[in-house]
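Okay, so here's the structure we're looking at.
Atoms considered below: every heavy atom in the structure, side chains included; atoms not considered: hydrogens, waters and symmetry mates.
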Amino acid sequence: YVPDASRSVTVVSTLLNADKKPGYTQELREEYSVIRERIAKRSNKRVLLSYVEANENLFSPDWDAYSPPLPSFLGTRVFDDYPLESLLDYIDWTPFFITWSLAGKYPAILKDGKVGAAATELFADAQALLKQILAEKLLKARAIIGFWPANTVACNDVQLYQADEPDAALTRLHFLRQQIPKDVDLDNLCLADFVAPATAGYRDYLGAFVVTAGIGADKLAAHFEAEHNDYSALLVKALADRLAEAFAEQLHKRVRMELWGYEPAENLSPGELIKEKYRGIRPAPGYPACPDHSEKATVFELLQADAEIGVKLTESFAMTPAATVSGLYFSHPQSRYFSVGKISTEQVKDLAIRKNTGLDELTRLLSPNLGSL
């Protein structure tokens, strides 16, 4: 289990290396032995609110005074062969260096006293390969996004409606709510809180997206591996990941300014974008605000991502090509990122009923989040 996705390439590479694997796995065994011992000695002091109490403490703005912004279109739109050159200014290079176990923020890392020389050499190699990728069109980027009428129902679910018939149900997204005790003036958040409830008397809207910059990455990496150039093969995958994240960032900006258009005058620098200074959020299934990976299946079915842009979802909810980002668009000005954190078995049971799925499967998927109750 790798908690930081940016380290996946390095970890898998180490595990596939016959010389490095034994020492690495032994280090992990020793590390987890210490962790198990530490946790066994620790009393469980975490107290959760009951699921009912958490639902009662939801975030509830003045929906009567809210006017939901109308997207420029409803339904889906495909972006094929998106220009990679347009993504360069949106690349966040800091996670790229983390992938190679070089700690430090870009660009300061290039002058770091300990890792600066190695980071500078790595960055130069990355720039040279990126230049080749652009010149020879070795990678392709594609995306599909969509917007639909929506309302929150049953407290923690969002009902989507047909694009051309807003009274006809389309599908439903299911979210989880924080159950950690909060100060009296703080809410127990759920993503459904940021969409107007059905009782508001009007339709709100919700968006979804799948973007990839990994088309051609496996082929290019295989080419380098055939030449016994594992370094360049790993570099390709790391660059494809950065381009995919940059694609998600740039497309979200276009959503805010033109495609949904609720912030047409936005004027943020790349640094401000990385710090998420914009209005709205794009949470992804499997991440802290939506830890249920299986919601990805609903997003992919909704967008027909496989048929439209060739991005597939595996049985374990991994995306292929690997350099792919998916998620949801929320536009409410008070929407924000948060971590669901620990939840009760009571909430998981309710989720299983709402999703009409097996309790055992959801318990397995959400095991890192399970607390008491």
**Message:** My understanding is that only one of Leu129, Leu84, Leu139 makes a side chain to side chain contact (heavy atoms under 4.5 Å, CB included) with Leu134; could you say which?
**Reply:** Leu84

**Fill in**
One should read off an interatomic distance between Leu87 CG and Glu245 CD, to the nearest 0.5 angstrom, of 11.5 Å

**Request:** Can you measure from CG (Leu102) to NZ (Lys114) and round to the nearest 0.5 angstrom?
**Result:** 13.0 Å

**All ring-ring contact (aromatic ring centres under 6.0 Å, His included) counterparts of Trp148, not counting sequence neighbours** = none

**Message:** If I compare all heavy atoms of Leu189 with all of Phe338, which pair ends up nearest, and what's the gap?
**Reply:** O-CE1, 3.7 Å

**Prompt:** Are any of the side-chain nitrogens in Arg282 or Glu249 under 4.0 Å away from the carboxylate oxygens of its partner?
**Reply:** yes

**Prompt:** So, Tyr106 versus Phe123, ring centres under 6.0 angstrom or not?
**Reply:** yes

**Asked** Looking at CD1 of Ile343 and CG of Leu48, how far apart are the two atoms once the value is rounded to the nearest 0.5 Å?
**Response** 9.0 Å

**Message:** Contact between Leu110 and Phe97 at the side-chain level, heavy atoms closer than 4.5 Å - yes or no?
**Reply:** yes

**Message:** Assess whether a salt bridge exists between Lys140 and Asp80, defined as any Lys/Arg side-chain N lying under 4.0 Å from an Asp/Glu carboxylate O.
**Reply:** no

**Request:** Using a 4.5 Å cut-off on heavy atoms from C-beta on, say whether the side chain of Asp306 contacts that of Leu313.
**Result:** no

**Request:** Could you grab the distance from atom CG of Asp187 to atom CG of Asn57, nearest 0.5 Å is fine?
**Result:** 5.5 Å

**Message:** I want to check something: taking the side chain as every heavy atom from C-beta on, are Val158 and Asn151 in contact at a cut-off of under 4.5 Å?
**Reply:** no

**Message:** Under a 4.0 Å threshold between the charged nitrogen and the carboxylate oxygen, would Arg364 count as salt-bridged to Glu361?
**Reply:** yes

**Request:** Hey, could you give me the CG/CG distance between Leu235 and Asp230, rounded to the nearest 0.5 Å?
**Result:** 12.0 Å

**Asked** Can you find a pair of side-chain heavy atoms, one from Tyr329 and one from Tyr205, that are under 4.5 Å apart?
**Response** no

**Request:** Indicate whether the side chain of Ser50 and that of Glu53 have a donor and an acceptor atom separated by less than 3.5 Å.
**Result:** yes

**Request:** Answer whether the closest heavy-atom distance between the side chains of Glu272 and Lys275 falls below 4.5 Å.
**Result:** no

**Asked** Is any side-chain N of the basic residue among Arg203 and Asp167 closer than 4.0 Å to the acidic one's carboxylate O?
**Response** yes

**Request:** Walk me through it: do Tyr231 and Phe224 pass the test ring pair (Phe, Tyr, Trp, His ring centres under 6.0 Å)?
**Result:** CA-CA 8 Å; Tyr231 171 65; Phe224 285 122; 9.6 Å; no

**Prompt:** Between His252 and Trp260, does the ring centroid distance fall short of 6.0 Å?
**Reply:** no

**Message:** For the CD1 atom of Ile144 and the CZ atom of Arg77, what is their distance to the nearest 0.5 Å?
**Reply:** 11.5 Å

**Request:** Indicate yes or no for a side-chain donor-acceptor contact from Ser33 to the backbone of Arg29 under 3.5 Å, with no hydrogens or angles considered.
**Result:** no

**Asked** Is the shortest heavy-atom distance from the side chain of Ile109 to the side chain of Val115 under 4.5 Å?
**Response** yes

**Prompt:** Hey, does Tyr90 have a side-chain heavy atom less than 4.5 Å from the side chain of Leu273?
**Reply:** yes

**Item:** Closest non-hydrogen atom pair, Ser13 against Leu234
**Value:** OG-CD1, 3.7 Å

**Prompt:** Asp81 and Arg142: which non-hydrogen atoms are nearest, and at how many Å?
**Reply:** N-CG, 3.9 Å

**ring-ring contact (aromatic ring centres under 6.0 Å, His included) partners of Phe247, counting only residues at least two apart** = Tyr82

**Prompt:** Shortest non-hydrogen contact from Ala192 to Thr152?
**Reply:** O-OG1, 2.5 Å

**Item:** Glu258 atom CD, over 12 foreign heavy atoms within 6.0 Å
**Value:** yes

**Arg177/Asp193 salt bridge by N-O under 4.0 Å criterion** = yes

**Minimum-distance pair of heavy atoms, taken over all atoms of Tyr262 and Gly280** = OH-CA, 3.8 Å

**Sub-4.5 Å side-chain heavy-atom contact between Leu259 and Phe73** = yes

**Message:** Check this for me: does any side-chain nitrogen of one of Glu295 and Lys355 sit under 4.0 Å from a carboxylate oxygen of the other?
**Reply:** yes

**Asked** Going hydrophobic residue to hydrophobic residue with side-chain gaps under 4.5 angstrom, can you get from Met257 over to Tyr278?
**Response** no

**Request:** Could you pull out the closest heavy-atom pair between Arg279 and Ser331, with the gap in Å?
**Result:** NE-O, 2.7 Å

**Request:** Report the residues that fulfil side chain to side chain contact (heavy atoms under 4.5 Å, CB included) with Asp350, sequence neighbours left out, ordered by chain and then residue number.
**Result:** Tyr51, Arg354

**Message:** Between Trp93 and Phe96, is the ring centroid distance below 6.0 Å?
**Reply:** yes

**Asked** Does the side chain of Asn55 pick up a donor-acceptor pair with the side chain of Asn156 at under 3.5 Å?
**Response** yes

**Message:** Strictly distance-based, threshold 3.5 Å: is any side-chain N or O of Gln159 a donor or acceptor partner for the main-chain N or O of Thr171?
**Reply:** yes

